[in-house]
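Chain A is the first sequence line, chain B the second, and so forth, proteins listed ahead of strands; every chain is numbered from 1.
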Protein chains: 2
Amino acid sequence: MSETERLEIQCPGEEWCPITATATLIGKKWHPVIIHRLLVNGPAGFNELQHEVDGISSKVLSESLDDLESKGLLDREVIEEKPIRVRYSLTETGESLEKVVLALAEWGDEYLEAGEPTA
Amino acid sequence: MSETERLEIQCPGEEWCPITATATLIGKKWHPVIIHRLLVNGPAGFNELQHEVDGISSKVLSESLDDLESKGLLDREVIEEKPIRVRYSLTETGESLEKVVLALAEWGDEYLEAGEPTA
DNA sequence: CGGCATCCACATGGATACTG
DNA sequence: CAGTATCCATGTGGATGCCG
């Protein structure tokens with residue numbers, strides 16, 4: 001017991017590699033930020049997320065959310081009101097990514113800084 | 001003082017975001033694995049890396065190494081022998097990614113498993 | 001509010017072959 | 001050994017507009 005629920009995923013090569021597997025799962029451009037926002041601020045609606053994730057388009061946000069949901073990292077709850085509302089929240093597996101995402105954030109804070117846009 | 005050397009990098013959006021910044025830096029398909037191999041096994045030559053990174057082509061490995069070098073995450077040392085040898089090793093900044101890469105590896109080990117290829 | 005449809009430009013990377 | 005050259009399929013995501 002203490003069996004963790006595991007997601008199945010393929011690796012690019014022949015051998016199983018947990019790093020490329022994880023990178024394949026959450027390595028899309030906006031996935032880590034989306035997960036981070038949900039970790040830090042809790043469940044959110046679509047527009048809320050779009051404003052919190054700076055620079056993302058609705059199309060890409062939509063695709064990212066679909067992808068994350070299909071992989072079991074987040075839940076999508078539709079609230080039938082007028083106007084309609086949707087709440088995105090992390091699943092347990094999604095929340096388990098906290099260490100990974102915080103590692104990204106901490107490293108970025110320590111070793112990176114904003115560069116001028118080709119200035 | 002205790003100033004850490006920081007790399008400059010741009011974010012997709014307007015605001016600076018350490019997560020997307022880090023993801024932009026090491027978020028390429030093979031970067032985390034390459035860094036991991038160098039962390040675990042130490043400096044390596046080109047072919048050595050190509051055999052250790054399962055599934056990568058020489059073209060893509062070459063491009064990845066160029067990219068990582070240009071970003072200051074690894075060093076490239078040419079050893080003039082016959083036949084010529086090259087040693088790739090992590091810079092200090094590259095080594096500082098240990099936590100990030102290990103977080104990816106650990107999470108993958110715990111929450112993922114190999115899936116059959118569309119079986 | 002919470003999307004989806006369309007169009008399109010550019011990046012990524014696999015296969016293969018060749019070179020100093 | 002350590003790459004480069006070429007070609008090409010696919011992926012990724014930005015812009016814009018429309019819909020329930």
Visitor: Please determine whether the number of non-hydrogen atoms from other residues, nucleotides or ligands lying under 6.0 Å from atom CD of Glu14(B) exceeds 12.
Guide: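 Open: at most 12 neighbouring heavy atoms sit under 6.0 Å from CD of Glu14(B).
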Visitor: Does anything in residues 20-29 of chain B reach DNA chain C, meaning a heavy atom under 4.0 Å, and if so which residues?
Guide: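 Lys28(B), Lys29(B), in order of number.
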Visitor: Just the rounded figure in Å: distance from C1' of dT12(D) to CD1 of Ile56(A).
Guide: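 Those two atoms, CD1 and C1', are 12 Å apart.
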Visitor: Rounded off to whole Å, could you give me the NE2-to-C1' distance for the His51(A) and dG2(C) pair?
Guide: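 These atoms are roughly 12 Å apart.
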Visitor: Ignoring hydrogens and angles, tell me if any N or O in the side chain of Ser62(B) forms a donor-acceptor pair with the backbone of Ser58(B) under 3.5 Å.
Guide: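 Flag not set: sc Ser62(B) to bb Ser58(B) has no pair under 3.5 Å.
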Visitor: Using nucleotides 3-5 of chain C, report all nitrogen or oxygen pairs with the protein that are shorter than 3.5 Å.
Guide:
| from | atom 1 | to | atom 2 | distance (Å) |
| --- | --- | --- | --- | --- |
| dG3(C) | OP1 | Arg76(A) | NE | 3.4 |
| dG3(C) | OP1 | Arg76(A) | NH2 | 2.5 |
| dG3(C) | OP1 | Tyr88(A) | OH | 3.4 |
| dG3(C) | OP2 | Tyr88(A) | OH | 2.6 |
| dC4(C) | OP2 | Ser62(A) | OG | 2.1 |
| dC4(C) | N4 | Ser58(A) | OG | 3.1 |

Visitor: Starting at CG of Leu61(A) and ending at P of dT16(D), how long is that distance when rounded to a whole Å?
Guide: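 My rounded result for the distance is 18 Å.
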Visitor: Other residues, nucleotides and ligands only: do more than 12 of their heavy atoms fall within 6.0 Å of CD on Glu95(B)?
Guide: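 More than 12 within 6.0 Å, yes.
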Visitor: Would you kindly compare Ser64(A) and Ile84(A) by the position of their nearest DNA chain D nucleotide and give the one closer to the 5′ end?
Guide: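 Taking each residue's closest nucleotide, the earlier one in sequence belongs to Ser64(A).
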Visitor: Nearest 0.5 Å, please: how far is CZ in Arg37(A) from CD in Glu48(A)?
Guide: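 If I round to the nearest 0.5 Å, the distance is 12.0 Å.
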Visitor: Which ring pair (Phe, Tyr, Trp, His ring centres under 6.0 Å) pairs, counting each pair once, include a residue from residues 83-108 of chain A, with sequence neighbours left out?
Guide: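 Residue pairs passing ring pair (Phe, Tyr, Trp, His ring centres under 6.0 Å), neighbours aside: Trp107(A)-Tyr111(A).
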Visitor: Indicate yes or no for a side-chain donor-acceptor contact from Thr91(B) to the backbone of Gly72(B) under 3.5 Å, with no hydrogens or angles considered.
Guide: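 Side chain of Thr91(B) to backbone of Gly72(B), a donor-acceptor pair under 3.5 Å: yes, one is there.
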Visitor: Between atom NZ in Lys82(B) and atom P in dA2(D), what is the gap in whole Å?
Guide: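 After rounding, the reported distance stands at 14 Å.
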Visitor: Using whole Å, report how far NE2 of His31(A) lies from C1' of dG13(D).
Guide: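 My rounded result for the distance is 12 Å.
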Visitor: Hey, what do you get for CG (Leu68(B)) to CG (Asp75(B)), rounding to the nearest 0.5 Å?
Guide: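 If I round to the nearest 0.5 Å, the distance is 11.5 Å.
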Visitor: Let me know the distance between CD of Gln50(B) and P of dT16(C), rounded to the nearest Å.
Guide: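 From Gln50(B) CD to dT16(C) P: 14 Å.
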Visitor: Measure from CD on Glu80(A) to P on dG2(C) and round the result to the nearest Å.
Guide: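 Distance, rounded to whole Å: 12 Å.
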Visitor: Please check if the number of heavy atoms outside Glu15(A) that lie under 6.0 Å from its CD is greater than 12.
Guide: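 Not more than 12 within 6.0 Å, no.
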Visitor: What is the separation between atom CD1 on Ile34(B) and atom C1' on dA2(D), rounded to the nearest whole Å?
Guide: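 For the pair Ile34(B) CD1 and dA2(D) C1', the rounded distance is 15 Å.
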Visitor: Specify the closest pair of heavy atoms between Trp30(A) and Ser64(A), including all atoms of both residues, with the distance to one decimal.
Guide: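 That would be CB-OG, 4.4 Å.
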